[in-house]
Amino acid sequence: MPVPDQFPGQGSSPAQSDGIQHTADLGWETFFKDERLKALIPIALENNRDMRIAIQRVEEARALYGIQRSDRFPQIGVNAQQTAQRMPEDMRAGGALSPSVTRSNIAGIGMTNFELDFFGRQRSLSEAAFEQYLATQQARTTVQINLIGQLASTYFTLRNLEAQKELVNKTIKSRQGTLNLVQSRYSGGVASILDVNQAKTTLEAAKASLAEITRGEMRARNALQLILGQPVPANLPPAAPFTSDVVMGKLPTGLPSALLTRRPDILAAENRLKAANANIGAARAAFFPSISLTGLLGIASPDLGSLFDGGNGMWSFNPVINIPIFTAGKLSNNLNLAEVLSDIAVAEYEKSIQTAFREVADALAGESTYQSQLEALRAQQAAAYETLKIANLRYSSGIDSFLQVQSAEVALFTVQQGFLQTGFDSIQNRIELYKALGGGWTQTSVISK
């Protein structure tokens with residue numbers, strides 16, 4: 001493979017967890033812990049229009065494969081026909097004594113243009129159609145994995161915005177209290193109008209943030225409804241607390257080679273590569289003679305009324321051999337095209353592997369750094385709380401101006417928002433890792449035995 005043997009930061013042995021050999025065997029019911037999200041996933045799988053299109057694409061590919069495969073077998077049917085012909089007098093077989101109009105009636109069981117596949121052309125075309133069908137099946141699985149990931153991402157985006165909104169409302173309430181305090185001090189001649197305006201500035205900034213977050217929350221609800229393919233039901237289970245526990249904590253990563261048998265997009269690229277190789281076989285077979293058979297076994301009569309009388313049995317057999325001699329380069333160009341398309345399929349297959357490795361490596365980079373970032377932000381938040389407390393005390397004592405309080409409030413709010421956003425990003429990163437490792441195509445986990 002055009003990738004290293006190990007993921008970055010992984011030891012000599014791949015991580016395993018709870019008897020599950022690979023994340024692709026980890027059902028979404030096990031990975032996601034939020035009962036409300038788990039209730040939404042089946043709704044999206046049933047009603048999402050992209051999912052419906054993907055399912056119908058599989059049925060389309062199945063039908064196309066069936067059509068192509070049927071060409072390998074003879075097509076037999078009942079044939080009945082009547083032929084009427086008028087000839088000029090000098091071209092009649094019996095001369096002037098023959099009737100001017102002759103008729104013939106034929107009925108029987110016939111086979112039409114059945115190609116004897118001596119050189120494997122039909123077999124190669126059937127194989128190519130079959131591999132395209134398998135690729136479409138894998139594409140359907142990819143759509144499902146991406147749909148579940150998109151739904152989870154949108155759902156947790158909404159949960160994050162709700163948490164941000166709750167934080168902003170608490171901040172507005174706190175800053176309103178601070179403004180009231182400063183106004184009372186200003187009325188008593190202790191504070192200046194500058195202090196009042198600074199308190200109003202921080203309060204209005206929080207209100208502006210609330211409007212922005214509310215707008216994002218409304219848009220997230222609209223996006224969630226689009227993914228579900230219907231309005232969000234009202235009778236959903238209660239949501240779990242918005243913490244890192246809403247998803248599974250540790251995922252078995254395995255080796256990069258496992259992606260070749262687990263990731264549906266890689267499997268689809270492999271099927272397309274096999275289809276391209278089969279098309280080369282069909283293009284090569286086109287250089288050889290093709291033999292087709294047409295036959296009829298039945299009865300014939302000049303009069304329709306006597307068609308089924310005894311002694312009217314007939315048969316016809318018509319083999320046709322077609323040997324290409326001069327095609328103006330059409331066959332050679334078809335073969336060249338098939339070989340070029342195969343080379344493209346090889347490059348696409350390798351790119352799929354490289355892309356999968358990069359996605360897993362990026363998510364693993366997040367897994368190795370988000371925890372330390374959250375711990376640092378948690379400590380920073382505690383320090384910001386203490387700073388605001390001291391700033392308020394010094395302002396009340398007349399030691400510092402209100403500017404110190406304002407700076408401390410802004411700093412604390414920024415850290416709190418950053419902590420919530422980073423926690424949300426860490427959840428999103430774990431979802432991306434789950435998808436990148438091929439998880440999300442089953443509901444329940446497949447436990448190794």
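Keep in mind that the numbers below use all heavy atoms, side chains included, and drop hydrogens, waters and symmetry copies.
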Quiz item: About how many Å separate CG of Leu251 and CD1 of Ile431, when rounded to the nearest 0.5 Å?
Solution: 10.5 Å
Quiz item: How about Phe357 and Phe7: are their ring centroids closer than 6.0 Å?
Solution: yes
Quiz prompt | Gln137 vs Leu134 side-chain heavy atoms within contact, under 4.5 Å | solution = yes
Quiz item: So do Gln373 and Thr369 actually touch side chain to side chain, heavy atoms under 4.5 Å?
Solution: no
Practice problem: Output yes when Glu59 and Arg140 qualify as a salt bridge under the 4.0 Å nitrogen-oxygen rule, no when they do not. | Solution: no
Practice problem: Mind checking the CG-CG spacing from Leu151 to Leu226? Nearest 0.5 Å is all I need. | Solution: 11.0 Å
Practice problem: For Glu348, enumerate each residue passing the side chain to side chain donor-acceptor pair (under 3.5 Å) test, keeping only those at least two apart in sequence or located in another chain. | Solution: none
Self-check item: Side-chain ion pair, Glu217 and Arg159, N-O less than 4.0 Å
Solution: no
Self-check item: Gln75 (side chain) donor-acceptor with Ser70 (main chain) under 3.5 angstrom
Solution: yes
Exercise. Of all the heavy-atom pairs spanning Glu367 and Ser426, show the shortest one and how long it is.
Key: OE2-O, 4.5 Å
Quiz prompt | Minimum heavy-atom distance Leu26-Thr30, with the two atoms named | solution = CD1-CG2, 3.7 Å
Quiz item: Does a side-chain N-to-carboxylate-O contact under 4.0 Å join Glu127 and Arg123?
Solution: no
Exercise. Return the orientation label for the Phe32 and Phe156 ring planes: parallel under 30°, perpendicular over 60°, tilted otherwise.
Key: tilted
Quiz item: Side chain of Asn48, backbone of Ala44: donor and acceptor closer than 3.5 Å?
Solution: no
Self-check item: Side chains of Glu375 and Tyr370, donor plus acceptor under 3.5 Å
Solution: no
